[in-house]
Amino acid sequence: MVDLNAYHNDFENKWCPGCGNFGVLNAVKKALAEQEIPPENVLLVSGIGQAAKTPHFLNCNFFHGLHGRALPVAAGALLANHDLNILVHMGDGDCYGEGGNHLLAALRRNLDVTLLVHDNRVYGLTKGQASPTSRYGFASSAQPFGSFSDAMNPMALALSQGAGFIARGYCGEVDHLAGLIRAGMAYPGFAMIDIMQVCVTYNPVNTYSYYNERILMIDEKEHRADDWQAAIHMALQPEETIPIGIMYQKETRPFTSRIRTLSDGPLIARTRDPSAVQAVLDELG
Ligand SMILES: Cc1ncc(C[n+]2csc(CCOP(=O)(O)OP(=O)(O)O)c2C)c(N)n1
């Protein structure tokens, strides 16, 4: 039996008390335990930042790489062993800033991974600079006169690029978020979940009360997940309310089905025949 304890480890955690990352961490553990996935079948990949430390606090395989570069690492792991359940943890700066080009490639290739963006609308690890999702005028200790850039819209960007699964979660709704993570993992293709994550130290604007006043669960009976127009409308709506749940889902062609050599199963399960390589090398000269 796989329960929450299977994912427990004692690695020292220095996130601030009340950090929204704890809610995300608990939701991930819950989602994995509820699906009874053994830790050895899970790979967490991350870049750099406070969000990117999440894999340290779970007992399973992980690769903690470079800032913005988690998605290409996940693509490599997927090529080697597409039987793994791959979750990618990135901050909003990590994913939409430094890693923005890799996000575009992941969307076009439809990588079969679940991307969890801990979107706290600030660069947390480096102490409060405005990030790509910080709103115009966002003031913090790092830019007391406010950000002069407009915020990007991750949901609308993903929708415009043909994403097949996009959802928005909230760190204060752990059970709901765990359900989104399960749905994302079950989706064959790239599942992107943008998580409203509170940074209690460097973002004085997007607090728990900010979100608690605005969060609205998407009603599956009212919002059809395969309705692209409804989804883009939702993604672009002003922030008087913040809908959370699955915004859009459609059937797509997943990455691993596009690579013909993967159709016979994961590469790591194949027997290697160095003599076949040698034969080609000999032929070349
Ligand atoms: C290429 C590169 N640019 C910048 C940095 C410095 N840096 C490290 S973490 C970070 C900010 C991380 O912010 P975010 O991804 O939003 O995650 P958070 O810490 O808020 O969870 C920056 C700018 C770096 N390590 N590498």
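As the structure lists them, so they are numbered: ligands from 1, and atoms in each ligand from 1. Reckoned from all heavy atoms, side chains included, excluding hydrogens, waters and symmetry mates. Residues take their numbers from the sequence shown, with the count starting at 1.
- One finds the CG atom of Leu103 at 6.5 Å from the CG atom of Leu71 (value rounded to the nearest 0.5 Å).
- Counting heavy atoms under 4.0 Å from ligand 1, residue Ala51 touches it through both backbone and side chain.
- From His56, atom NE2 reaches atom NE2 of His64 across 4.5 Å, with rounding to the nearest 0.5 Å.
- With ligand atoms numbered from 1 in the order given, ligand 1 contributes 16 (O), 20 (O) to contacts under 4.0 Å with heavy atoms of Val122.
- Protein heavy atom nearest atom 7 (N) of ligand 1, with residue, atom name and distance: Thr126 CG2, 3.6 Å.
- Here is the list of ligand 1 atoms found below 4.0 Å of a heavy atom in Gly49: 19 (O).
- Counting protein heavy atoms only, atom 12 (C) of ligand 1 is closest to Tyr123 CD2, 3.5 Å.
- Within the set Gln50, His67, Gln129, the minimum heavy-atom distance to atom 3 (N) of ligand 1 is found for His67.
- Note: Phe22 and Trp15 have perpendicular aromatic rings, judged against thresholds of 30 and 60 degrees for the angle between ring planes.
- Contact atoms of ligand 1 toward Gly124: 13 (O), 18 (P), 19 (O), 20 (O) (distance under 4.0 Å to a heavy atom of the residue).
- In this structure, atom 17 (O) of ligand 1 lies nearest to the protein heavy atom Gly91 CA, 3.8 Å.
- Ligand 1 places these atoms under 4.0 Å from at least one heavy atom of Ile48: 8 (C), 9 (S).
- When all heavy atoms of Ala51 and His89 are compared, the pair lying nearest together is O-CB, 4.1 Å.
- Residues Leu159 and Ala235 share a closest heavy-atom pair of CD1-CB, 4.1 Å.
- Across all non-hydrogen atoms, the minimal contact from Cys95 to Leu115 is SG-CD2, 3.8 Å.
- When heavy-atom distances to ligand 1 are checked against a 4.0 Å cut-off, Glu98 comes that close only through its side chain, counted from C-beta outward.
- Looking only at heavy atoms of the protein, atom 15 (O) of ligand 1 is closest to Asp94 N, 2.7 Å.
- When Asp194, Leu177, Val28, Leu180 are each tested for a side chain to side chain contact (heavy atoms under 4.5 Å, CB included) with Leu116, only one passes: Val28.
- Between the CE atom of Met192 and the CG atom of Leu157 there is a distance of 6.5 Å, given to the nearest 0.5 Å.
- The salt bridge (charged side-chain N to carboxylate O under 4.0 Å, His left out) test with Glu239 is passed by exactly one of Arg121, Arg168, Arg214: Arg121.
- For a threshold of 3.5 Å applied to N or O pairs, the pair formed by Asn120 and ligand 1 contains at least one separation below that value.
- In terms of protein heavy-atom proximity, atom 14 (P) of ligand 1 is nearest to Gly93 N, 3.7 Å.
- Atom 9 (S) of ligand 1 has Leu125 CD2, 3.5 Å as its closest protein atom, hydrogens excluded (heavy atom only).
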